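What follows is a set of notes on a single structure, which appears directly below.
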Amino acid sequence: MPETTMPPFRVLGLSPDTVDYRAAWELQQELHARVVEGVSPGAILFLEHTAVYTAGKRTEPADLPDDGSPVVDVDRGGKLTWHGPGQLVCYPVVRLADPAAVKEYVWFLEEALIRTLAGLGLTGERVDGRSGVWILGGTDAAGRTVPDRKIAAIGLRVNHGVSMHGFALNCSNSLAPYEHIVACGITDAGSTTISAELGRTVTPAEALATVREHLAALAPGHLAPVAPTLLADAAGDSPTPNPLRKETLQ
């Protein structure tokens, strides 16, 4: 897919300029409505959130934080997860090439993440029956069992053929928040970050360009081409000024 037919990539805020979850969700809803209406090309939004727990539609009481932390209920699929500094979040608010091909769209997001991890020397895997991207376990040098570890979460909502929400790639975030929840409803596996696996710090800002490159390369057949007239008007795709709209990546 030529670059000119893709929705624009936008950075809403990276550390130290983290983005409030509710503010980003409101922007997604506004943008989604305009894409459905046919007056916006949509956008692929990148950001780091201020720390927050969010609960998808399948969240159960047993999944909730054991320390009483507040939780934001959202309209995406999936269960409970955490977002915060050090985690690269991507919200593609885009029209799908085939509105019925939601599984293929999930594959597209997973594949972009798997290729990003491969470029860093990590093997990301899909696990049957579980969403997201994983680092598989096994046994360590002492023969001890090492569990699978989730490195990227995916949670979506597709309505009228237009996607909201997206993925969160653990780059350099703390893993402590996961100790207080049953992340994504999974009790027999853990969570990890790129930095923890590599033994060196890799920030969301460092991972961003590679993620964007793979999303663009894989987009044909998954994202609907955007009319040039809509791209020309992309800078004005919000009916009201929004302080989150910081940067457009060309």
Side-chain angles (χ1 to χ4, degrees), residues 7-37 39-60 63-65 69-96 102 105-106 109 113 131-132 152-171 173 177-178 181 183-185 204 208 211-212 215 223 234-249:
F9 292 87
R10 290 204 173 113
V11 177
L12 301 185
L14 298 176
S15 289
D17 298 320
T18 57
V19 177
D20 175 77
Y21 185 87
R22 289 180 177 85
W25 188 16
E26 180 180 335
L27 177 61
Q28 284 191 76
Q29 292 171 316
E30 177 185 318
L31 186 56
H32 182 277
R34 291 178 62 78
V35 177
V36 170
E37 189 181 350
V39 296
S40 169
I44 299 173
L45 309 174
F46 291 101
L47 64 146
E48 289 179 63
H49 274 305
T50 306
V52 64
Y53 290 109
T54 70
K57 294 180 178 180
R58 296 192 299 110
T59 301
E60 300 175 6
D63 302 329
L64 297 175
S69 294
V71 175
V72 177
D73 293 319
V74 295
D75 58 353
R76 61 166 171 78
K79 293 194 172 189
L80 188 77
T81 194
W82 174 87
H83 296 306
Q87 184 185 72
L88 179 63
V89 174
C90 177
Y91 295 138
V93 185
V94 295
R95 187 176 297 279
L96 305 190
V102 176
Y105 176 64
V106 172
L109 297 179
L113 293 167
S131 66
I154 294 177
L156 305 171
R157 178 172 182 255
V158 178
N159 190 22
H160 297 289
V162 179
S163 178
M164 284 179 59
H165 304 290
F167 65 77
L169 175 62
N170 291 346
C171 295
N173 52 285
Y178 293 103
I181 63 172
C184 304
L208 174 59
V211 172
R212 180 202 171 210
L215 286 172
L223 305 189
D237 63 7
S238 175
T240 57
N242 192 308
L244 296 182
R245 290 153 34 95
K246 290 188 175 183
E247 178 184 351
T248 300
L249 298 179

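The chain is numbered in sequence order, starting from 1. None of these values were measured; they are calculated from a predicted model.
- Residues passing the side-chain contact (heavy atoms from CB on, under 4.5 Å) test with T59, sequence neighbours excluded: A55, D63, L64, K79, L80.
- Atoms CG and CZ, from L27 and R10 in turn, are 8.5 Å apart once rounded to the nearest 0.5 Å.
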Identify all side-chain donor-acceptor contacts of residues 88-96 below 3.5 Å with residues at least two apart in sequence or on another chain.
residue: Y91; atom: OH; partner: H49; partner atom: NE2; Å: 2.7
residue: R95; atom: NH2; partner: V35; partner atom: O; Å: 2.6

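- Among pairs with a residue in residues 80-89, none fulfils salt bridge (Lys or Arg N to Asp or Glu O under 4.0 Å), at least two apart in sequence or across chains.
- Qualifying side chain to side chain donor-acceptor pair (under 3.5 Å) partners for E48, counting only residues two or more places apart in sequence or in other chains: S15.
- You'll find the side chain of L109 reaches within 4.5 Å of the side chain of L215, heavy atoms only.
- At a threshold of 4.5 Å between non-hydrogen side-chain atoms, the residues W82 and N173 count as touching.
- Across A51 and P85, no two heavy atoms sit closer than the pair N-CD, 3.9 Å.
- Rounded to the nearest 0.5 angstrom, L169 CG and I154 CD1 are separated by 10.0 Å.
- Counting heavy atoms from C-beta on, the side chains of V106 and S131 never come closer than 4.5 Å.
- Closest of all the heavy-atom pairs between P41 and P8 is CG-CD, 4.2 Å.
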Compile the donor-acceptor pairs under 3.5 Å between side chains in residues 155-163 and protein atoms, sequence neighbours left out, one pair per line.
residue: R157; atom: NH1; partner: D75; partner atom: OD2; Å: 3.4
residue: S163; atom: OG; partner: Y105; partner atom: OH; Å: 3.3

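- Listed by chain and number, the residues in a side chain to side chain donor-acceptor pair (under 3.5 Å) with H32 amount to none (sequence neighbours excluded).
- Taking N170 as the reference, Q87, Y178 meet the side chain to side chain donor-acceptor pair (under 3.5 Å) condition, with sequence neighbours excluded.
- Note that the CG atom of L47 and the NE2 atom of H83 stand 9.0 Å from one another [nearest 0.5 Å].
- Under the 3.5 Å distance criterion, the side-chain polar atoms of R76 are matched with a main-chain donor or acceptor of T54.
- The minimum heavy-atom distance linking W25 with V74 is given by the pair CH2-CA, 3.6 Å.
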